[in-house]
Protein chains: 2
Amino acid sequence: MTKMHKENNLTKNEQIVFDLIEKSREPVKAYSILSNVKKKGIKAPPQVYRALEKLIKVGKIHKVESKNSFVVCKNTNCEVSNATAFSICQVCEKVTEIVNSKLSKYLKSFQDNTGMRYKKYNLEFFGLCQKCKSK
Amino acid sequence: MTKMHKENNLTKNEQIVFDLIEKSREPVKAYSILSNVKKKGIKAPPQVYRALEKLIKVGKIHKVESKNSFVVCKNTNCEVSNATAFSICQVCEKVTEIVNSKLSKYLKSFQDNTGMRYKKYNLEFFGLCQKCKSK
DNA sequence: CATTAAAATGTTATAATATTACATAATGTT
DNA sequence: AACATTATGTAATATTATAACATTTTAATG
Ligand SMILES: [Zn+2]
Ligand SMILES: [Zn+2]
Ligand SMILES: [Zn+2]
Ligand SMILES: [Zn+2]
């Protein structure tokens, strides 16, 4: 097979899945990805889920857990996906990645009551986006 | 039907599901709940999911999104479930609800870069629990 | 370049999670 | 009692995700 991917280290299927998520500009679900990349030759769920897993691992995308959806990282790969925060509109379901160094510093240095620190977190905020608030 | 529930406002099925989650003392999955309450007369997924939805709404349980599991609230119902934080061990999968007023104050008053505030959040921290760290 | 090992892909099937739709029963209100 | 509302029962199906195994591609080695 020819080298179809760009000058990063993504494989062909990973690149196809990444391109689709990036293009969509809103959270995408795995089976939506699947149906949209059929024309590119990806035919079955495992091909999509493998790509998603790898893309998450290298920090190029994140999973929005409350929506079982995937978005491209807007934040220099979030230190390889160990520190993610999202803003989610409860009305229109718009999802935005929060890039805020004060917040990430606070959470990365957070110690719980037992003194435990954490390597990784995921935070999802819910509210009304600007557009929905002004309606 | 006789009034089977206790002096709260839970219905029969809600009480059955709640009792099971409470008893389990670790996150429980919906179909695990279902199989364990069959003997109580709950036979189908919608009965479980309806109860879960209501229990979440009133703040008696939370969903741990990254694990598709449910836990009882340890924190005075988290102001009716609008502010939840969990500690999740990456090895043994132990889940603990974090009760920390500094953290909750910080997050409730958090404003993103656009000045937006949020009514609700869910935070999941990942790391090693005491037991797994000392291995 | 032939051989082998490792990584990636292809494919089928199935598991796990969750919801829709509609029927029946219980409860509360007038 | 009549009606509306809430809760429950039930079947079917939709959605999300993984297991298992075969094949192909790529990388590494001699
Ligand atoms: Zn990111
Ligand atoms: Zn909105
Ligand atoms: Zn709680
Ligand atoms: Zn542990």
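Here is how names work: the chains are called A, B, and so on, in the same order as the sequence lines, proteins then strands, and each is numbered from 1.
Between the NZ atom of A:Lys67 and the P atom of D:dT16 there is a distance of 11 Å, rounded to whole Å. Atom P of nucleotide C:dA8 and atom CD of A:Glu14 are separated by 7 Å, given to the nearest angstrom. Protein atom CG of A:Leu52 is 13 Å distant from nucleotide atom P of C:dT9, rounded to whole Å. The separation between A:Ile33 atom CD1 and D:dT16 atom P is 11 Å, rounded to whole Å. Between B:Lys29 atom NZ and C:dA18 atom P there is a gap of 8 Å when expressed in whole angstrom units. The nearest whole Å value for the distance from the NZ atom in B:Lys12 to the C1' atom in D:dG9 is 10 Å. Atom CG of A:Leu34 is separated from atom C1' of C:dT9 by 14 Å (rounded to the nearest Å). Look at CD on B:Gln47: it is 16 Å from P on C:dT19, rounded to the nearest Å.
OP1 or OP2 of D:dT6 has not a single side-chain nitrogen or oxygen of B:Thr11 nearer than 4.0 Å. In this model, the phosphate group of D:dT18 is not approached by any side-chain N or O of A:Tyr49 to a distance below 4.0 Å at OP1 or OP2. OP1 or OP2 of D:dT8 has not a single side-chain nitrogen or oxygen of B:Lys40 nearer than 4.0 Å.
With salt bridges taken as basic N to acidic carboxylate O contacts below 4.0 Å, one links B:Glu93 and B:Lys67.
Side chain of A:Ser32 to main chain of A:Val28: no donor-acceptor pair is present (N/O by atom type, distance under 3.5 Å, no hydrogens or angles). Checked by atom type and distance alone, the side chain of A:Glu124 never pairs as donor or acceptor with a backbone atom of A:Ser87 at under 3.5 Å. Remark: side-chain polar atoms of A:Asn113 are paired, donor with acceptor, to backbone N or O of B:Val99 under 3.5 angstrom.
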Side-chain donor-acceptor contacts of residues 47-54 of chain B below 3.5 Å, not counting sequence neighbours, with atom names and distances?
{"unit_1": "B:Gln47", "atom_1": "OE1", "unit_2": "B:Lys43", "atom_2": "N", "d": "2.8"}
{"unit_1": "B:Gln47", "atom_1": "OE1", "unit_2": "B:Ala44", "atom_2": "N", "d": "2.9"}
{"unit_1": "B:Lys54", "atom_1": "NZ", "unit_2": "B:Glu14", "atom_2": "OE1", "d": "3.2"}
{"unit_1": "B:Lys54", "atom_1": "NZ", "unit_2": "B:Glu14", "atom_2": "OE2", "d": "3.3"}

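For the helix from C:dC1-D:dG30 to C:dT30-D:dA1, the rotation axes defined at the first and last 5 base pairs enclose an angle of 30°, given to the nearest 10°.
By the ring pair (Phe, Tyr, Trp, His ring centres under 6.0 Å) test, B:Tyr106 is found to be paired with A:Tyr106, residues two or more places apart in sequence or in another chain being considered.
Between B:Lys60 and the choices B:Ile21, B:Leu55, B:Val17, the side chain to side chain contact (heavy atoms under 4.5 Å, CB included) rule is met once, by B:Leu55.
By the 5.5 angstrom centroid cut-off and the 30-degree plane limit, A:Tyr31 is classified as stacked against the base of D:dT16.
For the pair A:Asn68 and A:Lys43, nearest-nucleotide mapping onto DNA chain C gives the more 5' position to A:Lys43. Summary of the strand contacts: B:Gly41 and B:Pro45 both lie near DNA chain D, and taking for each the nucleotide with the nearest heavy atom, the more 5' one is attributed to B:Gly41.
Residue B:Arg50 places its side chain closer to D:dG9 than to any other of C:dA8, D:dA17, D:dG9.
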